[in-house]
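Worksheet: one structure, shown below.
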Amino acid sequence: MEIHSATRTSSNTARGVIEENILAIIENIDSKDTQHTNDDRVAFLQAVRAASFDQNNGGPPTNKMREAVFQILRVGKSLELIMESYYLLIELDKRFPRVHLSDINASSEFEPVAVEEAWSPFLFSLDVNCSERETAGKSSSGPFDSSTFHTLIQDLVEVANETDIDKLETKTLGKMLLFQYLIYVLEGDFLPRNKAYVETMNWMLVRESLLSVLLSSRRINFKVMLKDCLSIMSGLCQDSDKYTAKPSQNGNAALTFALPEVGRNTCSALQKLLTMIMELDVSRKKADAQGCTTRADGVRTPAIEIILDELTYDSDMLSHFLQIFKEPKWKMEIILLYFSKYNAKPSVRTRRLNSAKKDDGTFIGVLKCFSNVNSTRSITKKIKPDVVQMLLAHAFQAHLSLGFEDKEGSNSLEEICENIISAFTILKRTYENMEILPFGKEVIFTAATLLSIKS
């Protein structure tokens with residue numbers, strides 16, 4: 001199935017006038033910022049908004065206008081310009097998406113429709129030579145390629161690791177919003193394509209996604225990029241109270257007020273990026289099994305394996321990751337893989353083991369590993385008891401969020417609740433001096449409450 005092209009609506013006279021007269025105001029986007037130039041750029045943003053959202057004659061802005069709004073977000077130095085350009089770009093993408101799903105012949109199948117020659121903040125075109133891509137990427141106002149996208153992530157690592165709030169500037173907030181917008185664009189392109197792939201198994205739909213092309217580039221180190229993403233999440237998690245605990249001394253109260261929320265939204269954007277990459281890996285694995293992938297798709301280690309390795313060797317990062325990462329499906333998968341990495345399966349099979357085989361790799365299977373003191377002690381020799389508590393608590397929360405019941409009907413919510421209480425009870429019995437952590441107590445209380453409702 002081919003991706004159909006939707007013809008872009010031609011610019012009306014009003015937008016033509018805006019482009020001719022107002023774009024000249026920001027032609028030299030890197031010029032020295034003055035109140036006059038800032039006022040002109042604000043006026044430009046307002047003009048684009050009015051022309052695009054007018055109830056009678058509103059239509060998509062031209063590519064030059066959209067690119068100019070993006071440039072303002074990328075190099076703007078005032079909080080007003082950064083926020084205005086960011087929200088305008090998001091609203092424009094919602095109103096005029098580059099890719100959307102279209103019903104085929106009133107059937108249940110959908111296919112992605114891509115707007116022909118729509119402007120994008122990314123540039124991966126193969127017909128652009130290497131030197132041109134390098135120039136575009138390094139320019140402060142040019143589109144992003146793979147390497148400049150990773151450079152932005154590396155900049156955010158420095159932001160997340162900065163301990164002195166007074167060193168954080170408006171530019172810091174601008175980088176976080178810029179990253180959030182780029183993830184929004186990747187998501188808007190990838191999700192409809194991947195949904196259509198699940199229905200049609202046409203790998204070309206996903207292969208041509210911005211995310212797939214970005215990650216297939218040899219100009220980035222995929223493993224390093226994922227490690228940087230985890231480092232940002234860990235750093236911002238630690239910073240969650242830093243911004244509000246001590247007011248900034250730089251006199252910018254608006255920046256101090258905005259940073260906590262922007263930091264949280266940056267963590268959400270990182271979660272979306274990691275989730276999309278793991279979903280891409282799943283689709284890619286299916287396509288590979290069908291012989292649909294080629295060298296052009298590149299070769300890389302699945303993201304979930306890299307994430308698991310990083311979390312395994314850094315308990316602080318694991319704690320921060322579990323606090324931030326809310327997507328229940330992948331959160332549960334990561335926790336189950338974490339346990340399976342340390343919980344070696346016995347080589348001798350018995351009838352009892354064979355009957356329990358169906359629970360292998362499931363949450364109920366993990367809980368049953370804590371059914372007695374001996375098995376509990378065996379696991380906690382490899383995973384610290386406090387880490388076990390944390391993993392079980394977050395897995396239980398993910399299970400509730402999924403609203404999951406085993407397809408065979410054996411793993412009911414009642415069974416899960418009984419086993420989670422039992423697991424914490426056995427942990428306490430195994431280590432009498434161990435304190436049940438606050439989130440562990442919350443899980444026990446929630447499970448007991450659910451059981452009382454069921455009875």
Side-chain angles (χ1 to χ4, degrees), residues 160 163 230 233-246 260-261 263-264 267-268 270-271 307-308 310-339 342-343 363-364 366-373 375-377 379-404 413-454:
T163 57
L230 294 174
M233 293 176 77
S234 182
L236 290 179
C237 182
Q238 297 177 73
D239 291 344
S240 59
D241 297 325
K242 179 182 74 178
Y243 299 135
T244 54
K246 170 179 158 316
E261 182 65 20
R264 285 189 290 270
C267 286
S268 296
L270 285 161
Q271 173 182 293
I307 293 170
L308 188 63
E310 290 300 299
L311 300 181
T312 297
Y313 298 109
D314 190 333
S315 58
D316 288 337
M317 181 177 286
L318 173 64
S319 174
H320 299 149
F321 178 83
L322 293 176
Q323 288 180 52
I324 292 173
F325 197 84
K326 306 295 185 183
E327 208 291 317
K329 170 190 168 184
W330 285 107
K331 188 173 189 175
M332 177 67 83
E333 183 69 14
I334 289 169
I335 293 173
L336 294 179
L337 288 174
Y338 192 106
F339 275 117
Y342 288 104
N343 188 22
F363 185 35
I364 194 68
V366 167
L367 291 175
K368 288 180 179 179
C369 291
F370 297 91
S371 59
N372 59 71
V373 171
S375 61
T376 298
R377 196 179 297 277
I379 295 175
T380 51
K381 283 181 180 179
K382 303 169 185 176
I383 309 176
K384 294 179 180 179
D386 287 355
V387 175
V388 169
Q389 286 193 56
M390 178 171 58
L391 291 168
L392 291 178
H394 281 282
F396 183 69
Q397 292 173 350
H399 180 87
L400 295 181
S401 296
L402 286 168
F404 176 85
L413 178 59
E414 183 177 0
E415 184 180 7
I416 292 291
C417 290
E418 289 173 348
N419 279 273
I420 193 73
I421 294 173
S422 174
F424 275 95
T425 302
I426 297 296
L427 268 172
K428 182 64 177 175
R429 186 183 304 166
T430 306
Y431 299 95
E432 294 181 359
N433 295 327
M434 182 194 75
E435 180 182 355
I436 300 296
L437 299 176
F439 48 75
K441 293 178 181 178
E442 290 179 11
V443 165
I444 295 172
F445 176 79
T446 301
T449 302
L450 291 172
L451 284 174
S452 65
I453 295 173
K454 285 278 186 179

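For the pair Leu413/Leu400, a side-chain contact is recorded, criterion being any heavy-atom separation below 4.5 Å from C-beta on. Annotation: side chain of Ile420 is in contact with side chain of Leu392 (closest heavy-atom distance under 4.5 Å). Contact of the Ile416 side chain with the His399 side chain is registered, since non-hydrogen atoms from C-beta on lie closer than 4.5 Å. Taking the side chain as every heavy atom from C-beta outward, Val366 and Leu336 approach each other to under 4.5 Å. Annotation: side chain of Leu337 is in contact with side chain of Glu333 (closest heavy-atom distance under 4.5 Å). Side-chain contact check for Lys329 versus Glu327: some heavy-atom pair is nearer than 4.5 Å. Counting only heavy atoms from C-beta outward, the side chains of Leu322 and Ile335 approach each other to under 4.5 Å. Leu311 places a side-chain heavy atom less than 4.5 Å from the side chain of Ile334.
Side-chain N or O atoms of Ser422 include none that pairs as donor or acceptor with a backbone N or O of Glu418 at under 3.5 Å. The backbone N or O of Glu310 sits nowhere less than 3.5 Å from a side-chain atom of Asp314 that would complete a donor-acceptor pair. Side-chain atoms of Ser452 come within 3.5 Å of backbone N or O of Thr449 as a donor-acceptor pair. Of the possible donor and acceptor atoms, one in the side chain of Lys326 sits under 3.5 Å from a partner among the backbone N and O of Gln323.
Contact between Asn433 and Lys428 at its shortest, heavy atoms only, is C-NZ, 4.5 Å. Nearest heavy-atom pair, Leu236 versus Gly263, reported as atom, atom and distance to 0.1 Å: CD1-O, 3.8 Å.
The aromatic rings of Phe325 and Phe321 lie parallel to each other, with less than 30° between the two planes, well short of the 60° mark. Classification of the Phe339-Phe370 ring pair by plane angle, with boundaries at 30° and 60°, yields perpendicular.
Separating the CD atom in Gln389 from the NZ atom in Lys384 is a distance of 13.5 Å, to the nearest 0.5 Å. Note that CZ of Phe396 and CG of Leu391 are 15.5 Å apart. Values are rounded to the nearest 0.5 Å. Summarising the geometry, atom CD1 belonging to Ile426 is positioned 13.0 Å from atom SG belonging to Cys369; distances are rounded to the nearest 0.5 Å. Atom CG of Leu367 sits about 9.0 Å away from atom CD of Glu415, to the nearest 0.5 Å. Taken from OG in Ser315 to NE2 in His320, the straight-line distance is 9.0 Å, to the nearest 0.5 Å. Taking CG of Leu427 as the start and OG1 of Thr376 as the end, the distance is 5.5 Å to the nearest 0.5 Å.
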Handout entry: Trace of the side-chain contact (heavy atoms from CB on, under 4.5 Å) decision for Met390 with Asp386
Key = CA-CA 6 Å; Met390 178 171 58; Asp386 287 355; over 6 Å; no
Exercise for the section: Go through the steps to decide whether His394 and Lys331 satisfy the test side-chain contact (heavy atoms from CB on, under 4.5 Å), and finish with yes or no. Expected result: CA-CA 8 Å; His394 281 282; Lys331 188 173 189 175; 3.0 Å; yes
Practice task
Report the C-alpha distance between Tyr342 and Ile379 in whole Å, list the side-chain angles of each, state the deciding distance to 0.1 Å, and finish with yes or no for side-chain contact (heavy atoms from CB on, under 4.5 Å).
Solution key: CA-CA 7 Å; Tyr342 288 104; Ile379 295 175; 5.8 Å; no
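Note that Arg377 lies in the cation-pi zone of Tyr431, set by a 6.0 Å cut-off to the ring centre and a 45° limit from the axis.
Side-chain contact, Ser375 with Asn372: a donor N or O sits under 3.5 Å from an acceptor N or O.
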